[in-house]
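Structure first, commentary second.
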Amino acid sequence: MGTCLLYCARASMPICAVSMSGYFGWDKRQSGIALGSFFWGYCVTQVAGGHLSDKVGGEKVILLSALSWGFITAVTPLAAHVTKDPLLLVSLLRFLMGLFQGVHFPALASLFSQRVRDNERAFTCSAVGCGSQLGTLLIGGVGSVLLEWYGWESVFYFAGFLTLSWGYCLSTYLLKERERIITFEDLGKGFSRSTQTSVSWKRLFRRAAVWAVIIAQLSVASTSFTLFSWVPTFFKERFPDAKGWVFNVVPWLVAIPSAIVSGLLSDYLIAQGYKTIWVRKLMQVCGMGLSSLFILCLAHTNSYCQAIAFASVAVGLQTFNHSGITVNVQDLAPSCAGFLFGVANTGGALLGVVWVYLSGYLIESTGSWGPMFHLVIAVNVLGLLVFLEFAKSERMDVEMIHL
């Protein structure tokens, strides 16, 4: 549920980008600044959030961050209307939102590595990863209706207050008192170096397999952020008469069963005796390779029905990444999975900032959407080749833990 609401809040801006640009008089470069500012904040807290989760528990980090970005989402329309420079303030709020959302997935990686059995991790990651598609589906459907009937402000109110309500229910009914609050003692524990157990980061980062999963995650995250930010605008401009709820809903509706299937398939193949690394690489061929073929088709079609079909298949295939690199991080270093995933996602967020802004520049300067899609494909293919060549599934942190 938390991942679902995370994407509801995150997708509010991309869905409303066209309406907000018209309302405030922004061009695509300015829209790119507002959209890309999220990722500047998103990259700052990845490593710290993952490391803190490894030490004090991911559930505490997830709850505190959710309450924070939920509040920011709810107040964004009010803040935009009371300032003389809405672009600056909206960009600042998006930055702060990214700051708090940045800890979510590293905290999940830490939580899974500590509480989920090895033979169930692919399905668990895929099932929880469905929240991203479900959230985008929810805000794509409900948000499109709200946008059309009540204006862009209502989309932010919906996502923000829904998140705050979930956070209240989670802290009141599901979590124990000691799991709700991060104390100063927790912070000290999280950022102090243990004298009993420590990981030699230098030795860990000398491993080619570690860099393979980092580069693959970097590629997946940055290209996903780019598509997530610009595809709603692509459909709105190329097919202006199309209903927003269709292209904001259908691809994510396809992605949910696809994510579940990928998780079940991955765990099944491993249970049947196939090598874990072979299964991880197969998932990435689907998630990065095959999906890129359909992104290429999307870039060059002028048929609305074909565009919906290509986007749906591409998004569906991308969910196979949950059973590939996301789990591979936990394969390699379960004792510090949150930290390692944070490092990988930081790189993805940094590139996401660059790609989102660069995409806006390319679209504006060339008058074509092709360069943006070609950029996404090139980055995906490069990341896939590195992963296929160097990835492993053996645990890398065992000999580096000193008792």
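Numbering starts at 1 and runs along the sequence shown.
- Taking the centre of each ring, Tyr150 and Tyr157 stay at or above the 6.0 Å mark.
- Around the CZ atom of Phe239, the shell of radius 6.0 Å holds more than 12 heavy atoms that belong to other residues, nucleotides or ligands.
- The aromatic rings of Phe38 and Tyr42 lie parallel to each other, their planes meeting at an angle below 30°, with 60° marking the opposite boundary.
- Between Val213 and Ile325 the shortest heavy-atom distance is CG2-O, 3.7 Å.
- Of the residues Glu389, Gln284, Lys281, the one that meets the side chain to side chain contact (heavy atoms under 4.5 Å, CB included) test with Leu384 is Gln284.
- Shown here are the ring-ring contact (aromatic ring centres under 6.0 Å, His included) partners of Phe95, two or more places apart in sequence or in another chain: there are none.
- Legend: residues meeting side chain to side chain donor-acceptor pair (under 3.5 Å) with Ser12, ordered by chain and number and at least two apart, are absent.
- For the pair Gln217 (side chain) and Phe341 (backbone), a donor-acceptor distance under 3.5 Å is absent.
- Pairing each heavy atom of Ile214 with each of Ala344, the nearest pair is CA-CB, 3.9 Å.
- In this structure, the side chain of Asn328 engages the main chain of Lys392 through a donor-acceptor pair within 3.5 Å.
- For the pair Ser266 and Met283, the tightest heavy-atom approach, listed with the atom from each and the gap, is CB-SD, 4.2 Å.
- Taking the ring centroids of His300 and Phe310, they lie at or beyond the 6.0 Å cut-off.
- Between Thr223 and Met288, the closest side-chain pair of non-hydrogen atoms is not below 4.5 Å.
- Annotation for Ala314 and Ser291: closest pair O-CB, 3.6 Å, computed over non-hydrogen atoms.
- Applying the side-chain contact (heavy atoms from CB on, under 4.5 Å) test to Ser258 and every residue at least two apart in sequence or in another chain returns Thr319, Phe320.
- Counting only distance, with no hydrogens or angles, the side chain of Ser37 and the backbone of Ser91 share a donor-acceptor pair below 3.5 Å.
- Residues Asn380 and Ser292 come closest through the heavy atom pair CB-OG, 3.4 Å.
- Between Phe24 and His81, the ring planes are tilted. Angles from 30° to 60° get that label.
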